[in-house]
Amino acid sequence: MGELFSMGGLREMMAEGEESFQVTPWKVEGKVDYDRLIELFGTSRLEGPVLERLTRLLGGELPPSLRRGIYYSHRDLPWILDEYEKGNRFFLYTGRGPSGDLHLGHLLPFELCSFLQRRLGVDLWIQITDDEKFLFKRDVSLEETYRLGMENLYDLLAPGFDPRKVHILFDTRSIRLLYPIALEVARRVTFSTARAVFGFTPENNIGSIFYTALQSAPAFLPSQAAKRKIPCLIPCGIDQDPHFRVTRDVAEPLGYPKPALLHNMLIPGLLGTGKMSSSSDAREGAIYLNDSPQDVKRKLSNAFTGGRATVAEQRKLGAIPEICSIWALWRSRFAEKDEEFEGITQQCRSGGLLCGECKARLIPKVQKHLEEHAKAREAVKSWAESAIVEQL
Ligand code: TRP
C-alpha cells in the first residue's frame, strides 16, 4: 500500500496508555499530539536544512506561520525545491469544503499561498468542494453548499492574489474537468483501501467513499492539460493528509508526479479544546472572519489562557504560553516581528505580563485585521467569478 496505512486503525497503532486522539479529514478528537502524527502519518518534519533552503529560495524573511513552526511537517519538499531550481516551476493547490462561516484558522493555507505567489509568481489552483460538504453533512442541501461555497470564496481570496494566476475549481461547476481524472483515480483505489485510510463503516454513503478521487484530481489537472509533468505543492491542514496519501499512491501509475505537501497544525480553539471548530456549537470557540469588534472583544476576553488562578500566583510562577489560546494567536500572525513575539512569550513565562493585559493588547490587533479582511473581501468580488474554471 505504499504510504497508505490504516486510519481506522490509528488507535490500535498507539501505545498502551498513550492518550488517545483522532485526526481524519472529517473529525478531530482529543488532544492532538502533532509529533506523534508525524510518526503515524510518516511525514517529515519541516525544520533545519529544508527550512533554511526554503528561506533562501524565497529570498527574505518567511511569514510567522513558517518561521514559528505552525507549518511543521511536509512531504517531498526538497524534491519540489530541486525541480524549481532546475527551472521546473510548481503550481500551488489548496481548497476548502464550504461551511457556514470561516474562522482565522481556515485562512492559513490561503495566506501561505498568497505569500508564495507574491514571492515566486506561481499559479494557484483552489478547489471548492460543495459536493463534499453535501455528502458529509446530512442536514444541508446542495443549493446551500453551493451558496456557502461562493460566500467562502470571497474570504479565501481576501489574502491577496494575482487574478491572472488563480484558477478556481468549483466542484459542481467544474466537474467536466475533474471527472475524467477522478475516474482514473477511483479505478485504482479499492474499497478496502478507502476504508482503511478513512475509517469508513457500512453506514457511510457511497458518495463519501468516492469523494477522495475528486480531491485528488486538481493535483493532476494542470499536468494533464499541459501534457507535461508539472510539480504540485499542496499547503493544507495536517488533517487533509489522508486524502493526499491516496493521491500520491496513484500518481505515478497514472503518469503524474506525486504532489508535495506542507502541513499546518490546527489552531487551538479559544475554549481550550481541539482545533478551532466551525461545525459544532463552537461559535464562541473561534474568531470568525465576520465577527464584529464587540464579538472579538467578548471572545478574547473569555478565552482560555495558560494563566494561574490568582494574580499573586501568576506573578510568582508565571503563566504557560504553550497551552494558551491567546498566545497561539500572537504566534500565528498577530506578533509580526520576532522580537515582539519573544518579548510576549518571555514576559508571560516570567509572570510580568498578566492575561488581562495581554488580551487587551491583542484585541485591537485582531479587530483591525478583521476590518482589513472585510475590505479585501469586498474587493475580490469584482473578479472571483471570472476565476472559476469550467472548461480549459
Ligand atoms: N476537504 C477540504 C475541506 O474540507 C477541502 C479541500 C479540497 C482541500 N481540496 C483541498 C483542502 C486541497 C486542502 C487542500 O476543507
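Given the structure is predicted, the values throughout are model-derived calculations rather than measurements. Nothing fancy with the numbering, it's 1 onward along the sequence. Numbering of ligands and ligand atoms starts at 1, following listing order.
Between R67 and E342 there is no salt bridge, since none of the side-chain N atoms of the basic residue sits less than 4.0 Å from a carboxylate O of the acidic one. A salt bridge between K86 and E83 is present, with a side-chain N of the basic residue lying under 4.0 Å from a carboxylate O of the acidic one. A salt bridge between R188 and E184 is present, with a side-chain N of the basic residue lying under 4.0 Å from a carboxylate O of the acidic one.
Of all protein heavy atoms, the one lying nearest to atom 3 (C) of ligand 1 is G97 N, 3.3 Å. When hydrogens are left out, the protein atom nearest atom 2 (C) of ligand 1 is Q240 OE1, 3.3 Å; that is the closest non-hydrogen contact. Protein heavy atom at the shortest distance from atom 11 (C) of ligand 1 is G95 O, 3.4 Å. The nearest protein atom to atom 7 (C) of ligand 1, hydrogens excluded, is given as Q127 OE1, 3.2 Å; this is a heavy-atom distance.
Each of the following atoms of ligand 1 lies closer than 4.0 Å to a heavy atom of R96: 5 (C), 6 (C), 15 (O). Each of the following atoms of ligand 1 lies closer than 4.0 Å to a heavy atom of T129: 5 (C), 7 (C). Using a 4.0 Å cut-off to heavy atoms of I234, the atoms of ligand 1 that qualify are 14 (C). Near C236, meaning under 4.0 Å from any of its heavy atoms, are these atoms of ligand 1: 13 (C), 14 (C). Here is the list of ligand 1 atoms found below 4.0 Å of a heavy atom in E132: 1 (N), 2 (C), 3 (C), 4 (O), 5 (C).
Relative orientation of the W125 and F91 rings is perpendicular, given thresholds of 30° and 60° on the angle between their planes. Between H373 and H369, the ring-plane angle classifies as tilted under the 30° and 60° cut-offs.
Taking the ring centre of F21 as origin, the terminal cationic atom of K31 falls outside the region bounded by 6.0 Å and 45° from the ring axis. No cation-pi contact links R75 to F244, judged by a cut-off of 6.0 Å to the six-membered ring centre and 45° from its axis.
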Kindly indicate, with the supporting measurements, whether the criterion side-chain hydrogen bond (donor to acceptor under 3.5 Å, both in side chains) is fulfilled by T201 and E203.
CA-CA 5 Å; T201 63; E203 287 69 42; 3.1 Å; yes
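Only the side chain of Q215 comes within 4.0 Å of ligand 1, judged by heavy-atom distances.
Residue contacts with ligand 1 include F244, since one of its heavy atoms falls under 4.0 Å from the ligand.
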